[in-house]
Amino acid sequence: MRIFDPHIHMTSRTTDDYEAMYAAGVRALVEPAFWLGQPRTTVGSFLDYFDALLGWERFRATQFGIRHHATIALNPKEANDPRCTPVLDEIPRYLAKDGVVAVGEVGYDSMTPAEDEAFTRQLAMAVDAELPVMVHTPHRDKLVGTRRTLDVVRESGIAPGMVVVDHLNETNVALVKDAGAWMGFSVYPDTKMDEHRMVAIMLEHGTERVLVNSAADWGRSDPLKTLKTGRAMLAAGFSDDEVDKVLWRNPVAFYGQSGNLLLDPVPGFVEGEAPAASASYEGSSVLRGARV
């Protein structure tokens, strides 16, 4: 089973996670820029974070045979902090960098006017950069937030096929499907979606434009939820080809619209063999202070 996790926060994960993911079949992933738990207080802290995503984390993933890509954005939670919003002026130059495959995560947290402004500006950036967009739906008032999200997306003029609306569940999947956007599902313990509910949704709505991710981060989460979803699909009667479509071909199709995917096998890694680090961290140009 080959796996492309389209939404996972590897900055929060350990090398053991990378090793387990490779063993499970993960060969590529997308790490969206997001809230780190501790509020940022300056634009510089965002820039350091973006540089780490596009430099250090990308390098770290290759040590375990996995291709790392990123999305860049001011996330909706921090869009309400005036200390953070000036980073919007810096984002366009990051969208042109290697490894950036979308603008994200954007969207709503509390559905404030400040979030409206950040969302609208970043949708315009995506149109200008010809990049897809990853949209975060709010944890509270999800159905209302999804309707509002789809209205803003329509008003922006971006093609719906360039948008994935993430963290969906049974209440809002039909809205996103009918809008023609991609449907993103975070299979995440306790708070979002489990693999059995995910399979039930696919049995009802099919596998077209479906992206399944682990959203693993610093919270209680599981970077192998993609694998577990694939196994649950097989147990429910889905074919190997349908599993491959959901866990590999769909994310490749969506993020491939950026023109920035790199999916060649990492040199030094052989299928069927246990992974071993392909280079030492000490010799890395990242550790010598190279900037992205």
Side-chain angles (χ1 to χ4, degrees), residues 1-10 13 17-32 65-67 105 132 134-137 139 142-143 146 150 160-161 163-217 219-256 261 263 271-272:
M1 191 181 297
R2 58 178 181 170
I3 299 172
F4 185 142
D5 193 327
H7 182 153
I8 183 168
H9 300 286
M10 292 310 299
R13 309 305 301 191
D17 292 322
Y18 268 125
E19 289 179 343
M21 289 164 64
Y22 183 90
V26 177
R27 296 296 178 268
L29 60 86
V30 170
E31 178 163 0
I66 297 174
R67 293 296 189 182
E105 300 178 51
M134 174 189 289
V135 178
H136 166 98
T137 52
H139 301 300
K142 189 173 286 287
L143 187 58
T146 302
L150 294 172
V163 177
V164 57
V165 183
D166 213 340
H167 309 317
L168 299 184
N169 59 28
E170 295 87 347
T171 68
N172 56 359
V173 56
L175 285 175
V176 177
K177 181 180 180 179
D178 291 346
W182 288 71
M183 295 162 278
F185 299 89
S186 298
V187 184
Y188 190 101
D190 300 334
T191 61
K192 294 184 176 69
M193 173 74 55
D194 65 33
E195 54 266 39
H196 307 294
R197 289 168 60 200
M198 186 67 247
V199 167
I201 286 173
M202 286 187 283
L203 286 170
E204 179 178 355
H205 293 281
T207 60
E208 291 294 326
R209 291 184 279 114
V210 168
L211 299 181
V212 172
N213 66 74
S214 70
D217 54 16
R220 181 173 179 268
S221 50
D222 182 354
L224 301 185
K225 279 296 190 181
T226 48
L227 171 66
K228 292 172 183 177
T229 299
R231 288 174 174 168
M233 289 178 69
L234 294 173
F238 285 95
S239 67
D240 289 338
D241 184 71
E242 289 171 309
V243 172
D244 186 72
K245 177 181 179 180
V246 170
L247 296 186
W248 185 266
R249 299 198 310 272
N250 278 357
V252 168
F254 178 71
Y255 289 113
L261 282 182
L263 299 176
E271 290 299 324

**Item:** Nearest-0.5 Å distance, CG of residue L150 to OG1 of residue T137
**Value:** 10.0 Å

**Item:** Student check: side-chain heavy atoms of M193 and E170 closer than 4.5 Å
**Value:** yes

**Asked** For V26, does its backbone N or O pair with a side-chain atom of R2 as donor and acceptor, under 3.5 Å?
**Response** no

**Request:** State, yes or no, whether a side-chain contact exists between M1 and L234 at a heavy-atom distance under 4.5 Å.
**Result:** yes

**Prompt:** Are the side chain of Y255 and the backbone of P6 linked by a donor-acceptor contact shorter than 3.5 Å?
**Reply:** yes

**Asked** Does the side chain of L224 come within less than 4.5 Å of M21's, by heavy atoms?
**Response** yes

**Asked** Is there side-chain contact between F254 and V30, with at least one heavy-atom pair below 4.5 Å?
**Response** no

**Request:** Rounded to the nearest 0.5 Å, what's the gap from CZ on R231 to OG1 on T226? Could you check?
**Result:** 10.0 Å

**Asked** Are L211 and D166 close enough that some pair of their side-chain heavy atoms sits under 4.5 Å apart?
**Response** no

**Prompt:** Is a donor on one side and an acceptor on the other found under 3.5 Å between the side chain of R27 and the backbone of Y22?
**Reply:** yes

**Request:** For the pair N250 (side chain) and T207 (backbone), establish whether a donor and an acceptor sit closer than 3.5 Å, ignoring hydrogens and angles.
**Result:** yes

**Asked** Any ion pair linking E208 and K245 (charged N to carboxylate O, less than 4.0 Å)?
**Response** yes

**Nearest-0.5 Å distance that lies between atom CG in N213 and atom CD1 in I8** = 8.5 Å

**Prompt:** Which of parallel (below 30°), tilted (30 to 60°) and perpendicular (above 60°) describes H167 and H7?
**Reply:** tilted

**Prompt:** Quick one: does T229's side chain get under 4.5 Å of F185's, heavy atoms only?
**Reply:** no

**Prompt:** With a 4.5 Å limit on heavy-atom distance, are the side chains of V187 and K228 in contact?
**Reply:** no

**Request:** Please test N169 against T171 for side chain to side chain donor-acceptor pair (under 3.5 Å), starting from the C-alpha separation and ending with a verdict.
**Result:** CA-CA 6 Å; N169 59 28; T171 68; 2.6 Å; yes

**Message:** Could you check whether any side-chain N or O of K177 sits under 3.5 Å from a backbone N or O of H205, counting only pairs where one atom can act as donor and the other as acceptor?
**Reply:** yes

**Item:** Main-chain N/O of G161 paired to W182 side chain as donor or acceptor, under 3.5 Å
**Value:** yes

**Request:** Report yes if some heavy atom in the side chain of P132 is under 4.5 Å from a heavy atom in the side chain of V164; otherwise report no.
**Result:** no

